[in-house]
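Beneath this line is the structure, given in C-alpha cells, with notes to follow.
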Amino acid sequence: MFGPKSHLTSRNNHLFMEDVDCFLLARQLGTPLYVTSEKRLRQNIRAYHQAFPKADKYFAVKANGNLTILRIAAQEGMGADVFSAGELSIARNVGIPQDMILYNGNSKSEKDHEMALQAGVRMSVDSREELEHLAGTVQRLDQDHEAEILFRVNPDVSPKTHPKIATGLRSSKFGIPAEQVAETYKRAMDLPGILPVGLHCHIGSQILDTAPFAEAAGKMMDIAAAVVGAGGEIKRIDLGGGLGIQYHPDTPAPSPADLAKAVLPIFGDRCRDLGISPKLILEPGRSIVADTTIMLSGVNVVKRAHVNFVAEDAGFNVLARPMLYDSYHHIIVANKSDEPAAEPYTVVGPICETGDILAKDRQLPKLERGDVLAFLDAGGYGFSMASQYNGQPRPAEILVSGDKADVTRRAEDASALLAGQKIPERLYWQIE
Ligand SMILES: *Cc1c(COP(=O)(O)O)cnc(C)c1O
C-alpha cells in the first residue's frame with residue numbers, strides 16, 4: 001500500500017509499522033511521537049553495502065542523533081560523519097571506532113580541534129586558514145602520532161535541490177575552492193604533525209538525480225590528479241552524502257545502486273589512470289534514516305474557516321522541515337488508513353506563529369478530534385531539528401521491531417524547560 005515502504009501496512013483501517021498498531025501505540029504513549037522501524041533501518045544500510053561493497057559508509061549524525069539508531073548503524077558496520085564535539089561524543093558513545101569517524105565543520109574552534117585530536121579521529125579541514133590554526137594546536141599538544149586530515153573541497157556543482165541545502169555551489173560557505181586545493185595539500189605535507197590523506201566533498205542534500213554526483217566525482221578526481229601531480233598522496237576520497245528520498249508519491253528517488261552506477265565507473269577509471277587506489281567513503285544521512293521513521297501526532301481541533309484547518313499537537317517545534325524548506329511529508333491517518341480521501345485540509349501545529357503549517361491543501365479522510373496523523377519519512381532531520389520553542393517539551397522516540405516497541409528516548413516534561421536555568425539571588429524578593 002505504501003509503495004516501497006514494506007515496513008508500513010494498513011490492517012483493518014489501522015496503520016501498522018512492522019507488527020505494531022500505530023494508533024494504539026499513540027494512544028498508549030501519547031503524542032507527538034517519533035516511531036522507527038528497525039527492520040527498515042537495517043535494510044537501508046544493507047542496500048548501501050550491497051551497492052558499494054568496498055566503500056566505507058559514515059552515517060551523518062546530524063540527520064538523526066538517536067543513540068539506538070546509531071547503535072544499529074554501528075552494528076551494521078557504519079562509521080560516523082560528525083560536525084561538532086557533541087556529535088563526536090554521540091558517535092563514540094555507541095561504539096563507533098575512531099578510525100571510522102570524520103570530524104567535519106567549517107567553523108571549528110581551538111577546542112574543537114583539540115577534542116578531535118585527542119579522540120584520534122580524522123578531520124576534514126575546510127580552508128587554508130583552518131589548516132594554519134590546526135597546525136598551531138597540533139604543535140602545542142605534541143601528540144606522538146600525526147593528525148590525519150582530509151580537505152573539504154568545493155567542487156562547484158549545482159545539485160538542483162532546495163537552495164538552503166545545496167552545499168557544493170561555488171558560492172557556498174563550505175570547502176576550499178578547487179584551484180587552491182593542490183597548493184594547500186602541499187602546505188599540509190610540509191607542516192609537522194599533520195598528514196593529509198585525502199579529499200572530501202558534500203554537494204548538498206535531498207538530491208533526486210544522480211548526474212550531479214557523477215559530475216562531483218569527476219571534479220574530485222580532477223583535483224586528486226592535481227594533488228598527485230604536486231607530489232601528494234591520496235588515500236581517501238569522500239564523496240559525502242546527499243542522496244534524496246521519495247517524500248512525495250510522484251517524485252521517485254534514485255537508490256544507492258543507481259548512485260553506484262553513476263559514480264563507481266568514474267571513480268574506478270580515474271583511479272586506475274592515476275595509479276592510485278584510495279578508499280572510497282560515503283556519508284549518507286537522509287537516505288539511511290528518513291523513511292525508517294514516522295511522526296505521530298494527535299488531532300485536537302478541526303476548524304471550518306476559510307479553509308479546513310486540522311490543528312494537531314506537533315508543529316514546527318517537532319518537525320521543522322515543512323517550515324524550513326517547504327518540504328512535503330506524506331500523511332496517513334493512523335486510525336483511518338483504508339478510508340478514501342474526503343476533503344482538503346491544511347494541517348497546522350500548536351505553535352503561536354502563522355507559519356506553523358505542516359501540510360497545505362492535503363486530501364485526507366474526514367477528520368475529527370482524537371484522530372492520529374502519521375507523517376511519513378520523518379527520520380532524517382526530524383527529531384534532530386526539534387526544539388522546545390513555545391514551551392513545548394520534545395517528544396519521545398520509539399524503536400519498533402516485529403511486535404515490540406521500545407522507548408529509546410523518553411518524552412521530555414516541563415522540567416526540561418527549566419533545566420539549567422537559574423534566577424540570580426538578588427531577584428529573590430517577594431513578588432506582592
Ligand atoms: C549533512 C551532511 C551529510 C548527509 O547528507 P544527507 O543529505 O542527509 O545524506 C553528509 N556529509 C556532510 C559533510 C554533511 O554536512
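We count ligands from 1, going down the list as the structure has it; atoms in each ligand are counted the same way. All heavy atoms count here, side chains included; hydrogens, waters and symmetry mates do not.
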Derivation and outcome, side chain to side chain donor-acceptor pair (under 3.5 Å), residues Tyr389 and Glu353: CA-CA 11 Å; Tyr389 181 47; Glu353 300 231 10; 2.6 Å; yes
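- Between His248 and Tyr328, the ring planes are tilted. Angles from 30° to 60° get that label.
- Remark: minimum distance from atom 11 (N) of ligand 1 to any protein heavy atom is reached at Glu283 OE1, 2.6 Å.
- Comment: Arg140 engages Glu114 in a salt bridge, judged by a side-chain N to carboxylate O separation of less than 4.0 angstrom.
- Heavy-atom separations between Gly380 and ligand 1 are all 4.0 Å or longer.
- Set against the non-hydrogen atoms of Arg286, the atoms of ligand 1 under 4.0 Å away are 6 (P), 8 (O), 9 (O).
- Looking at ligand 1, you won't find any N or O of Ser287 less than 3.5 Å from one of its N or O atoms.
- A donor-acceptor contact under 3.5 angstrom links the side chains of Gln43 and Arg40, judged on distance only.
- Here the protein heavy atom with the shortest distance to atom 12 (C) of ligand 1 is Asp81 OD2, 3.3 Å.
- Among all non-hydrogen protein atoms, the one lying nearest atom 5 (O) of ligand 1 is His202 CE1, 3.3 Å.
- Looking at Gly285 next to ligand 1, an N or O pair under 3.5 Å apart turns up.
- A donor-acceptor pair shorter than 3.5 Å can be found between the side chains of Glu283 and His200.
- Both tests do not hold together for Arg321 against Phe375: distance to the six-membered ring centre under 6.0 Å, angle to the ring axis within 45°.
- When Arg42, Glu38, Lys39 are each tested for a side-chain contact (heavy atoms from CB on, under 4.5 Å) with Ser401, only one passes: Glu38.
- Side chains of His113 and Glu130: a donor on one and an acceptor on the other come within 3.5 Å.
- Which parts of ligand 1 touch Arg152 is read off a 4.0 Å heavy-atom cut-off, strictly below it: atoms 13 (C).
- Closest to atom 8 (O) of ligand 1, if we only count protein heavy atoms, is Tyr381 OH, 2.6 Å.
- If you check which protein heavy atom lies closest to atom 7 (O) of ligand 1, you get Ser205 OG, 2.3 Å.
- Among all non-hydrogen protein atoms, the one lying nearest atom 14 (C) of ligand 1 is Lys62 NZ, 2.9 Å.
- The ligand atoms of ligand 1 that sit less than 4.0 angstrom from a heavy atom of Gly241 are 9 (O), 10 (C).
- Considering backbone and side-chain N/O atoms, Phe83 never comes within less than 3.5 Å of an N/O atom of ligand 1.
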